[in-house]
Amino acid sequence: MKVRGFMLTLLTACMFGLGAVLGKIAATDMQPLLVAFLDLFVGGILLAIILLVVKVPLWSRLQRKDWINVCLLAIVGTALPLVCIITGLAQTSAIKGGFLLQTQGLVTVVCAIIFLRERMAWRHFGGIICLLLGSLLVIIKNLDISLWEAFNRGDLLIILGAAGLGYGMIPAKKLSGRIHSLPLNVWRLLLGSLILLPFLFILPHTFMFTITPTLLWVLIAYIITNFCIGYITLQEGLRFLKAWESAAMMQTIPIFSTISAMLLLHDTISWLQIVGGVIILVGGFILARASDTGNASLA
């Protein structure tokens with residue numbers, strides 16, 4: 001079961017890594033808030049259609065505390081962080097932004113220990129350190145010190161967004177055994193879009209953009225990969241993994257964002273990134289082995 005959880009989370013990281021590039025492209029041509037709204041709303045509608053086809057009920061017998069967790073997941077753990085991150089990436093460098101996004105995993109680990117009473121063995125820290133170190137090497141490819149000298153508004157927005165996503169893993173974990181992944185993500189996306197809707201008519205120049213074939217396919221790909229496939233696999237993975245385990249595996253996102261940048265933006269890869277990728281794979285292996293060993297000892 002653990003292996004299945006790790007594979008699902010790895011697929012999520014792949015989708016989110018691709019989404020980092022697609023989101024960056026979309027935000028250059030559209031107001032970031034509108035991008036976030038379309039992602040959530042259209043993604044929610046697509047999942048609702050799938051829900052009808054597979055005949056999974058949208059309404060579930062959830063308790064009041066479960067609905068509170070659904071609202072926390074949709075608002076604090078999805079909609080607001082998404083707006084912060086997309087807006088922040090448009091105001092800072094991709095290198096620095098990619099590094100700051102890694103705070104998501106650290107926030108999840110802290111929140112999992114505090115709110116879920118999850119515990120970690122020392123051998124788990126070795127895997128997490130490898131994942132963080134490898135991610136850093138992948139991100140800093142050709143480090144320009146001047147990029148890190150000033151801390152701007154975009155950097156703060158990315159940190160806030162990453163913190164929100166990190167906390168969002170807590171209500172998601174609590175709901176993993178209470179509701180099917182499909183209806184949960186329908187509620188998550190549609191409620192999140194509903195929160196953003198009023199602000200579309202408050203901010204200036206929200207609807208001033210030109211639809212091009214490139215923008216259209218980027219939006220479609222972004223919605224399907226991240227807000228349909230990615231969110232479902234993330235939620236399914238949480239059924240088999242602890243919140244901190246899932247967050248640790250999400251540190252592999254830089255591998256997939258780098259590959260996506262090479263394919264879509266014709267970026268190049270350096271030896272430093274290759275070394276970082278290898279370290280990430282080693283960290284993931286250590287983490288998986290440590291978790292399997294821990295489960296075997298409890299059996």
Side-chain angles (χ1 to χ4, degrees), residues 1-17 19-20 69 72-73 76-78 81-82 84-85 97-136 138-139 158-177 181 184-185 188 226 230-257 279-292 294-295:
M1 290 298 183
K2 282 282 186 179
V3 174
R4 183 179 179 182
F6 280 123
M7 293 304 295
L8 286 169
T9 308
L10 194 62
L11 178 58
T12 303
C14 178
M15 296 295 101
F16 286 179
N69 282 323
L72 287 173
L73 178 61
V76 182
T78 303
L82 181 62
C84 288
I85 290 172
F99 176 74
L100 295 176
L101 279 172
Q102 301 308 301
T103 56
Q104 172 187 348
L106 299 178
V107 171
T108 299
V109 170
V110 173
C111 289
I113 293 174
I114 296 175
F115 296 108
L116 301 179
R117 307 298 182 187
E118 293 183 355
R119 292 294 178 263
M120 300 169 57
W122 285 108
R123 57 183 177 274
H124 293 132
F125 285 100
I128 291 177
I129 290 173
C130 286
L131 289 169
L132 291 174
L133 176 60
S135 297
L136 179 60
V138 169
I139 291 167
I158 291 177
I159 291 177
L160 291 175
L165 292 178
Y167 170 77
M169 297 284 282
I170 305 306
K173 176 60 180 177
K174 291 180 178 179
L175 292 165
S176 61
S181 298
L184 174 59
N185 280 293
R188 177 182 191 175
N226 277 237
Y231 276 13
I232 290 176
T233 53
L234 176 62
Q235 192 63 36
E236 283 295 304
L238 282 170
R239 292 173 53 200
F240 310 106
L241 299 177
K242 295 180 179 179
W244 71 261
E245 290 175 324
S246 181
M249 290 304 296
M250 293 293 285
Q251 301 301 313
T252 59
I253 287 178
I255 290 182
F256 301 108
S257 61
I279 294 176
I280 288 175
L281 295 177
V282 171
F285 177 77
I286 293 174
L287 191 64
R289 290 286 296 175
S291 297
D292 288 340
N295 287 341

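In this structure L165 satisfies the side chain to side chain contact (heavy atoms under 4.5 Å, CB included) test together with P81, I85, Q104, sequence neighbours excluded. The side chain to side chain contact (heavy atoms under 4.5 Å, CB included) search around C111 returns V107, F115, Y167, I170, not counting sequence neighbours. The side chain to side chain contact (heavy atoms under 4.5 Å, CB included) search around A20 returns S257, not counting sequence neighbours. Residues satisfying the side chain to side chain donor-acceptor pair (under 3.5 Å) criterion with T9, sequence neighbours excluded, are absent altogether.
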Show the atom names and distances, to 0.1 Å, of all donor-acceptor pairs under 3.5 Å that link a side chain in residues 231-238 to residues at least two apart or in another chain.
residue: T233; atom: OG1; partner: T12; partner atom: OG1; Å: 2.6
residue: T233; atom: OG1; partner: I229; partner atom: O; Å: 3.0
residue: T233; atom: OG1; partner: G230; partner atom: O; Å: 3.0
residue: Q235; atom: NE2; partner: A172; partner atom: O; Å: 2.8
residue: E236; atom: OE1; partner: R239; partner atom: NH1; Å: 2.6
residue: E236; atom: OE2; partner: S181; partner atom: OG; Å: 2.4

For F256 and L11, run side-chain contact (heavy atoms from CB on, under 4.5 Å): C-alpha distance rounded to whole Å, both residues' side-chain angles, the deciding distance at 0.1 Å, then the answer. CA-CA 10 Å; F256 301 108; L11 178 58; over 6 Å; no
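Rounding to the nearest 0.5 angstrom, the gap separating the OG1 atom in T108 from the CG atom in L116 is 10.0 Å. Between the CG atom of L10 and the CE atom of M15 there is a distance of 10.0 Å, given to the nearest 0.5 Å. Note that the CZ atom of R188 and the OG1 atom of T78 stand 3.5 Å from one another [nearest 0.5 Å].
What you find for M169 and A243 is that their closest heavy atoms are CE-O, 4.0 Å.
Residues F240 and L8 have side chains in contact (heavy-atom distance under 4.5 Å, counting atoms from C-beta outward).
Formation of a donor-acceptor pair under 3.5 Å by the K173 side chain with backbone atoms of W244 is not found in this model.
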